[in-house]
Amino acid sequence: MKIETRTLSQPDFNAKVSPRFVKSMQGFFNNGENRKQNIYKLNQKIEEYASFGRDNYTIEMHQKTGPLGYEYSLLAVRDDRPNGRKVTLARRTAYRKIVNKFMNMTKGEFLARVKY
């Protein structure tokens with residue numbers, strides 16, 4: 001009798017960032033100072049989000065009109081649900097503030113808001 005053992009590999013956990021949001025932030029950084037440095041920091045932060053430990057969430061930015069103008073929301077959207085569970089990570093009234101929040105969010109803060 002031959003027994004074949006298969007080792008179960010660890011699942012690849014990561015939080016994804018919406019390509020549309022990435023393109024928007026790249027455009028934002030390309031219009032400012034220190035373009036190369038800021039784009040490099042953005043790419044590093046996106047790679048950091050990949051180690052945040054949730055593989056079924058995508059980080060998106062939504063814009064809506066509120067009573068005081070535009071309101072921006074940073075959301076974590078669950079991918080494996082039909083409607084997509086949306087968790088609000090941050091709300092800001094300026095685009096640069098929502099980008100700043102994205103760039104400065106820690107792993108602990110992200111995991112505290114995003115629970116199964």
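- The closest donor-acceptor contact from the side chain of Lys107 to the backbone of Ser51 lies under 3.5 Å.
- Atom CG of Leu74 is separated from atom OG1 of Thr88 by 9.0 Å, given to the nearest 0.5 angstrom.
- Without hydrogens or angle criteria, Asn100 side chain to Arg96 main chain gives no donor-acceptor distance under 3.5 Å.
- Pairing each heavy atom of Phe21 with each of Tyr95, the nearest pair is CE1-OH, 4.2 Å.
- Residue Gln26 comes nearest to Leu42 through the heavy atom pair CG-CD2, 3.7 Å, listed as atom of the first residue, atom of the second, then distance.
- Taken to the nearest 0.5 Å, the CD1 atom of Ile46 stands 14.5 Å off from the NZ atom of Lys41.
- In this structure, Tyr40 is not a member of the same hydrophobic cluster as Phe29, with clusters built from ILVMFWY side-chain heavy atoms closer than 4.5 Å.
- No more than 12 heavy-atom neighbours from other residues, nucleotides or ligands sit within 6.0 angstrom of CD on Glu33.
- Across all non-hydrogen atoms, the minimal contact from Phe110 to Ala76 is CE1-CB, 4.4 Å.
- Annotation: side chain of Val114 is in contact with side chain of Leu89 (closest heavy-atom distance under 4.5 Å).
- Using a 4.5 Å cut-off between side-chain heavy atoms of Ile, Leu, Val, Met, Phe, Trp and Tyr, with links allowed through other members, Leu111 and Val17 fall into the same hydrophobic cluster.
- Interatomic distance, OG of Ser18 versus NZ of Lys23, reported as 11.5 Å (0.5 Å rounding).
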Quiz prompt | side chain to side chain contact (heavy atoms under 4.5 Å, CB included) between Met61 and Tyr72, worked out | solution = CA-CA 7 Å; Met61 188 270 305; Tyr72 301 91; 3.5 Å; yes
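- Using a 4.5 Å cut-off on side-chain heavy atoms (C-beta onward), Tyr70 and Thr65 make contact.
- Remark: side-chain polar atoms of Arg35 are paired, donor with acceptor, to backbone N or O of Asn30 under 3.5 angstrom.
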Exercise. Begin from the C-alpha positions of Gln44 and Glu47 and carry the test side chain to side chain contact (heavy atoms under 4.5 Å, CB included) through to its verdict.
Key: CA-CA 5 Å; Gln44 292 296 320; Glu47 288 178 15; 4.2 Å; yes
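- Classified by interplanar angle (parallel below 30°, tilted 30° to 60°, perpendicular above 60°), the ring pair Phe102/Tyr49 is parallel.
- Side-chain contact between Lys101 and Met105: present, with at least one pair of heavy atoms (C-beta onward) separated by less than 4.5 Å.
- Here the rule is side chain to side chain contact (heavy atoms under 4.5 Å, CB included) with Glu71, and of Arg91, Arg92, His62 only Arg91 fits it.
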Quiz prompt | side chain to side chain contact (heavy atoms under 4.5 Å, CB included) between Glu60 and Thr58, intermediate numbers included | solution = CA-CA 6 Å; Glu60 297 179 352; Thr58 301; 4.3 Å; yes
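- The cluster map of Ile, Leu, Val, Met, Phe, Trp and Tyr, joined by side-chain heavy atoms under 4.5 Å apart, puts Val99 and Ile39 in the same cluster.
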